[in-house]
Amino acid sequence: MPKVFVSTVINAPIERVWRTVADFNGLPAWMPGMTESVIEPGKGDKEVGAVRKLSMAGTKDKLRERLEVLSPDEWLITYAVLEGPLPVRNVVTSLRLRSITDTYGTLGEWSTKFETDPGKEADGEQFMSRVFGAGFRALKRHLGV
């Protein structure tokens, strides 16, 4: 099963970064290509098991993701992709924050495991790395850092 890990330093306090990334329904405010997020009925947007339906620029396809972990104590959010127009499948992704104590900054770590068609592992790894890299750059812009 392919894995991807991308990290970055964010020049903002961990509490400020967490407020943004922990908003399960707020992804379109900062993630490139996401235009709308709607929480499906049944769970609130901060409840494990909540499902968000994301609209993406340039397609009518929807990306559905389920919140698996939301842990403020560990600065960790984990979600699973249920369906969508991605070149990977059975995706489980985590975004973890760690405090950088000497600068009051934040280390962001995005990691994922997924499956691909045989022989397409490198393509899936490149795709997910690009998504996470673009996401971190956009998060920094959104935070003004």
Side-chain angles (χ1 to χ4, degrees), residues 1-116 122-145:
M1 180 175 273
K3 299 176 185 176
V4 170
F5 176 84
V6 175
S7 62
T8 194
V9 172
I10 303 167
N11 294 318
I14 195 168
E15 296 84 1
R16 183 169 168 223
V17 180
W18 178 250
R19 280 192 301 272
T20 299
V21 301
D23 181 0
F24 189 62
N25 201 33
L27 195 64
W30 59 273
M31 186 68 175
M34 300 297 161
T35 59
E36 182 183 36
S37 178
V38 175
I39 299 294
E40 295 180 359
K43 299 268 186 183
D45 65 346
K46 296 194 180 350
E47 290 182 78
V48 169
V51 175
R52 66 182 172 197
K53 187 180 293 184
L54 295 160
S55 298
M56 299 173 292
T59 181
K60 291 182 180 183
D61 292 329
K62 304 290 185 190
L63 183 61
R64 291 182 66 239
E65 298 176 330
R66 182 180 56 235
L67 183 61
E68 302 291 328
V69 175
L70 183 64
S71 177
D73 294 337
E74 298 178 69
W75 310 102
L76 173 68
I77 182 169
T78 299
Y79 53 94
V81 175
L82 303 177
E83 61 185 73
L86 302 178
V88 293
R89 62 184 178 279
N90 296 327
V91 182
V92 178
T93 297
S94 293
L95 178 54
R96 178 183 299 272
L97 304 178
R98 298 183 193 275
S99 185
I100 302 173
T101 58
D102 70 337
T103 62
Y104 303 104
T106 302
L107 175 65
E109 301 173 333
W110 226 329
S111 60
T112 190
K113 293 188 284 186
F114 54 88
E115 295 176 1
T116 65
D123 292 342
E125 290 168 358
Q126 289 175 355
F127 173 80
M128 296 305 290
S129 292
R130 282 194 311 269
V131 167
F132 295 161
F136 274 141
R137 288 188 299 278
L139 177 59
K140 291 178 188 184
R141 279 193 306 273
H142 177 77
L143 294 169
V145 297

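The model shown is predicted, which means the values in this text are computed figures rather than measured ones.
Here the straight-line distance linking atom CZ of Phe132 with atom CE of Met31 works out to 7.5 Å at 0.5 Å rounding. Atoms CG and CD, on Leu76 and Glu68 in that order, are 11.5 Å from each other to the nearest 0.5 Å. Atom OG1 in Thr112 sits 10.5 Å away from atom CD in Glu125 (nearest 0.5 Å). One finds the CZ atom of Phe5 at 10.0 Å from the CZ atom of Arg96 (value rounded to the nearest 0.5 Å). How far CD of Glu47 is from CG of Leu70: 10.5 Å, rounded to the nearest 0.5 Å. Note that CG of Leu67 is 10.0 Å distant from NZ of Lys46, once rounded to the nearest 0.5 Å.
Closest non-hydrogen pair, Pro32 versus Ala134, comes out as CG-O, 3.8 Å. The shortest non-hydrogen separation linking Asn11 to Val145 is O-CG1, 3.2 Å. Minimum heavy-atom separation, Val4 to Ser129: CG1-OG, 3.3 Å. Nearest heavy-atom pair across Gly44 and Ala50 is O-CB, 3.1 Å. When all heavy atoms of Met34 and Leu27 are compared, the pair lying nearest together is CG-CD2, 4.2 Å.
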Show every donor-acceptor pair shorter than 3.5 Å between a side-chain atom in residues 54-61 and any protein atom, with sequence neighbours excluded, or say none if there are none.
{"residue": "Ser55", "atom": "OG", "partner": "Lys62", "partner atom": "NZ", "Å": "2.7"}
{"residue": "Thr59", "atom": "OG1", "partner": "Asp61", "partner atom": "N", "Å": "3.0"}
{"residue": "Thr59", "atom": "OG1", "partner": "Asp61", "partner atom": "OD2", "Å": "3.4"}

Return a table of donor-acceptor pairs under 3.5 angstrom between the side chains of residues 12-24 and protein atoms on other chains or two or more places apart.
{"residue": "Arg16", "atom": "NH2", "partner": "Leu143", "partner atom": "O", "Å": "2.3"}
{"residue": "Asp23", "atom": "OD1", "partner": "Asn25", "partner atom": "N", "Å": "3.3"}
{"residue": "Asp23", "atom": "OD1", "partner": "Gly26", "partner atom": "N", "Å": "3.2"}

Review item, side-chain donor-acceptor pairs of residues 79-89, under 3.5 Å, at least two apart:
{"residue": "Tyr79", "atom": "OH", "partner": "Trp110", "partner atom": "NE1", "Å": "3.3"}
{"residue": "Glu83", "atom": "OE1", "partner": "Arg64", "partner atom": "NH1", "Å": "3.1"}
{"residue": "Arg89", "atom": "NH1", "partner": "Asp117", "partner atom": "OD1", "Å": "3.1"}
{"residue": "Arg89", "atom": "NH2", "partner": "Thr116", "partner atom": "O", "Å": "3.2"}

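For Asp123, there are no side chain to side chain donor-acceptor pair (under 3.5 Å) partners at least two apart in sequence or on another chain. Scanning for ring-ring contact (aromatic ring centres under 6.0 Å, His included) contacts around Phe114 gives an empty result, with sequence neighbours left out.
Sorted by first and then second residue, the side-chain hydrogen bond (donor to acceptor under 3.5 Å, both in side chains) pairs involving residues 134-143 (not counting sequence neighbours) are Thr8-Lys140.
Test Glu65, Glu115, Lys113, Met128 against Val91 for side-chain contact (heavy atoms from CB on, under 4.5 Å) and you get one pass: Met128.
The side-chain heavy atoms of Ser94 and Val69, taken from C-beta on, include no pair separated by under 4.5 Å.
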